[in-house]
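Taking it in order: structure first as structure tokens, then the write-up.
Since the structure is predicted, the reported quantities are computational estimates derived from the model, not experimental observations. Each chain gets a letter, A, B and so on, in the order its sequence line appears, and its residues count up from 1.
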2 protein chains.
Amino acid sequence: MTTTPFKFELISQDGQARAGVFHTPHGDVPTPIFAPVGTQATVKSLTQRHLKELDAKLILANTYHLYLRPGDDLIAEMGGLHQFMSWDGPILTDSGGFQVFSLSKTRKVDEDGVTFKSHIDGSTHRFTPERSVEIQENLGADIIMAFDECAEPYNRQYSEAAMHRTHRWAERCYAAKKRSDQALFGIIQGGVFPDLREASAEYIAGLDFPGNAIGGLSVGETKEEMHAMLEIVNSILPQEKPRYLMGVGTPQDLVTCIKRGVDIFDCVLPTRLARHNAAMSDNGRMNMMNAQYTRDERPISETCTCYTCQHYSRAYIRHLIQANEMLSGTLLSIHNIHTLLDLACNLRKAILNQQYNEFAGKYLSNFTK
Amino acid sequence: MTTTPFKFELISQDGQARAGVFHTPHGDVPTPIFAPVGTQATVKSLTQRHLKELDAKLILANTYHLYLRPGDDLIAEMGGLHQFMSWDGPILTDSGGFQVFSLSKTRKVDEDGVTFKSHIDGSTHRFTPERSVEIQENLGADIIMAFDECAEPYNRQYSEAAMHRTHRWAERCYAAKKRSDQALFGIIQGGVFPDLREASAEYIAGLDFPGNAIGGLSVGETKEEMHAMLEIVNSILPQEKPRYLMGVGTPQDLVTCIKRGVDIFDCVLPTRLARHNAAMSDNGRMNMMNAQYTRDERPISETCTCYTCQHYSRAYIRHLIQANEMLSGTLLSIHNIHTLLDLACNLRKAILNQQYNEFAGKYLSNFTK
């Protein structure tokens with residue numbers, strides 16, 4: 001597998017926390033980094049100019065959703081995902097595995113792949129490792145993911161079987177990959193079981209992917225269990241390759257998981273909270289619908305430098321929500337994504353300055369919820 | 001009534017079409033101009049940066065809506081509408097009259113004012129000319145409107161009574177106005193009846209407002225009737241004051257009404273069409289949901305310079321619509337508002353170059369619907 005356009009530079013370490021740069025064909029991704037999610041080739045409610053202004057360095061799109069609508073063949077015909085969604089920076093696509101396994105009632109797994117029904121129209125579809133890679137090659141993201149099976153975290157027997165299948169599928173994805181301008185990451189599974197996580201990290205690390213992902217976490221287990229699994233996995237994964245913790249997280253997750261050696265995060269949380277009228281802040285979440293903001297002239301956060309906080313008051317945002325105006329979703333998405341990107345940026349600086357624990361401790365102590 | 005910050009300069013005329021500049025405390029408004037509508041203190045789905053990038057010179061907000069929610073007292077407390085909605089350019093508010101008279105089943109008119117029920121919670125409220133001016137002074141727009149009664153256009157008896165009441169109310173608004181940094185415009189009524197329109201134009205012109213508005217058009221009458229009324233009214237209104245045709249219009253309306261001496265327009269059409277998946281173009285409307293755009297890599301309009309057309313394809317916009325992504329509303333609003341602002345700009349240039357009829361004829365002949 002040729003991955004020449006990709007190179008991970010580890011610049012600094014503070015404890016297990018790492019600062020680096022991942023070079024991709026569409027630009028450099030400084031790590032640690034948070035990737036906003038554009039499920040259907042759009043980070044909900046934001047134009048690409050908003051994302052550029054937010055200085056987003058990496059965005060994620062979902063293979064399952066784009067395969068179903070508008071179709072990966074259509075996106076390939078339109079010049080690939082970058083051109084289709086007018087985003088010239090790095091993009092990561094997941095494998096479709098997580099979404100397919102979430103459709104627990106309508107999917108059927110066998111050794112070769114998964115048959116599932118579309119959530120849109122109930123039609124039957126099939127993903128195999130080879131098909132997932134083919135779809136992701138049609139989409140054309142910079143970073144693509146191996147097709148994996150995400151088990152329920154507490155089911156030992158299922159977790160073990162899913163882990164082994166994930167390993168066999170990882171090899172098939174590796175073999176199926178054709179494009180040299182995409183980096184394929186392997187995925188580690190193993191539920192909340194230390195021995196399985198250890199075995200999975202060793203197996204996946206042995207396949208020599210240009211980056212490694214940790215799947216099957218933040219799916220119902222406790223934070224303590226998640227942290228324990230990260231510590232096991234990251235003690236095994238090679239230092240010289242980026243580590244991506246899939247589907248995580250909150251501001252606190254960024255702080256506690258970067259501390260444990262994670263480099264890349266993605267989560268729908270900032271845009272989902274925005275659609276539910278919640279603002280993220282360095283002190284916790286704010287429900288902007290609350291009556292207390294009715295005449296509050298302050299921005300969401302008085303220290304925030306985002307476009308929303310530089311231009312709009314809490315009173316105005318509350319008014320938009322009360323009046324069912326969609327601008328509230330846009331303004332809160334801008335603020336929430338800024339909050340996570342800014343936090344990742346500050347955590348990176350703290351690593352470079354060898355002040356990670358000090359910064360992290362202070363940050364976490366400010367959280368009220 | 002002091003209106004020193006306001007001055008209308010008539011720069012050029014081509015037939016009855018006029019090019020000018022209306023100076024306001026928040027900036028100059030080149031005329032002819034189209035004002036995007038921000039009913040609830042937000043031009044739906046757009047940030048103020050979008051509006052600045054679109055080079056909008058004047059925006060409109062609705063007194064009825066803002067009085068009910070969040071309340072004009074709250075907006076005054078937050079520093080007025082400019083600060084509340086973070087728009088430092090000129091703003092125009094209507095008087096609330098049109099909305100109140102649209103609530104035909106729940107409102108009751110008497111000589112002193114109108115009692116009506118809120119569309120939000122059914123609560124009872126009352127507007128009088130004095131109260132409308134007071135609310136608009138709380139909101140603090142640059143241009144405010146006299147409280148008028150908009151009759152059904154074909155009812156002669158009602159139109160005549162409403163016109164006379166509108167005149168008496170205009171005098172009361174004139175007398176009630178206190179702030180010197182707002183320009184109060186009078187409104188002409190009279191339905192589709194030439195003698196009433198003539199009488200109303202003479203009466204309102206005689207009150208010497210800094211600008212005059214033409215109300216009660218585009219409410220069900222034919223285009224021919226609207227044009228005939230405009231010709232009568234504009235032959236009477238003073239040349240040296242701006243003329244505002246309320247609630248109009250389409251691209252064709254701009255072309256045909258500027259030709260008849262109108263300077264200012266406003267309409268919800270561009271943002272409303274955007275929410276219904278329609279793009280305006282110089283050749284007519286396009287339903288972006290249509291299957292013909294599925295794999296269409298072209299922008300909505302190949303000659304358009306708006307952000308949407310510079311960055312996104314018809315195929316992408318159709319995908320957003322199919323996937324129920326709100327970004328489609330934002331992108332179409334940007335394009336549609338650009339289309340009307342750009343048209344007004346080109347019509348202004350044509351007036352300055354004494355080529356209005358040539359430009360207008362060519363433009364209208366390109367329209368397919």
Exercise. Hey, which of T47(A), L46(A), D296(A), T294(A) has the most heavy atom pairs under 4.5 Å with chain B?
Worked result: T47(A)

Exercise. Which atoms form the tightest heavy-atom contact between A141(B) and I91(B), and what is the distance?
Worked result: CB-O, 3.4 Å

Exercise. Where does E325(A) contact chain B at under 4.5 Å (heavy atoms): side chain, backbone, both or neither?
Worked result: side chain

Exercise. Which residue out of G329(A), S313(A), A315(A) racks up the most heavy-atom pairs below 4.5 Å with chain B?
Worked result: A315(A)

For this session: Using atom types as modelled and distance alone, determine if a side-chain donor or acceptor of E137(B) lies under 3.5 Å from a backbone N or O of R179(B).
Result: yes

Problem set entry | T63(B) side chain to D94(B) backbone, donor-acceptor under 3.5 Å | yes

Exercise. Considering residues, nucleotides and ligands other than H119(B), do more than 12 of their heavy atoms fall under 6.0 Å from its NE2?
Worked result: yes

Exercise. Any luck finding a side-chain donor-acceptor pair between D142(A) and H26(A) under 3.5 Å?
Worked result: yes

For this session: Spell out, as yes or no, whether a donor-acceptor pair under 3.5 Å connects the side chain of N336(B) to the backbone of L273(B).
Result: no

Exercise. Do T115(B) and H125(B) have side-chain heavy atoms sitting under 4.5 Å apart?
Worked result: no

For this session: Below 4.5 Å from any heavy atom of chain B, which atoms of I75(A) appear? Answer side chain, backbone, both or neither.
Result: neither

Problem set entry | Proximal component of Q310(A), with respect to chain B [non-hydrogen, under 4.5 Å] | neither

Exercise. Measuring heavy-atom distances to chain B, does R318(A) have an atom under 4.5 Å in its side chain, in its backbone, in both, or in neither?
Worked result: neither

Exercise. What residue, out of M85(B), R295(B), K44(B), Q48(B), has the most heavy-atom pairs lying under 4.5 Å from chain A?
Worked result: R295(B)

Exercise. Is the closest side-chain heavy-atom distance between Q99(B) and N62(B) below 4.5 Å?
Worked result: yes

Exercise. Can you say whether L331(A) sits under 4.5 Å from chain B via the side chain, the backbone, both, or neither, judging by heavy atoms?
Worked result: side chain

For this session: Using a cut-off of under 4.5 Å on heavy-atom pairs, state which of G79(A), P70(A), S328(A) scores highest against chain B.
Result: P70(A)

Problem set entry | Contact leader toward chain B among R69(A), E297(A), H311(A), where contacts are heavy-atom pairs under 4.5 Å | R69(A)

Seminar exercise, completed: Applying a strict 4.5 Å limit to non-hydrogen atoms, the region of H319(A) in contact with chain B is side chain

Problem set entry | For chain B, the option from Q83(A), R49(A), M326(A) that forms the most heavy-atom pairs under 4.5 Å | R49(A)

Exercise. Side chain, backbone, both or neither: which part of H65(A) has an atom under 4.5 Å from a heavy atom of chain B?
Worked result: neither

Exercise. Which answer fits L66(A), side chain, backbone, both or neither, if we ask what part of it has an atom under 4.5 Å from a heavy atom of chain B?
Worked result: side chain

For this session: Would you please say whether a donor-acceptor pair under 3.5 Å links the side chains of H50(A) and Y307(A)?
Result: no

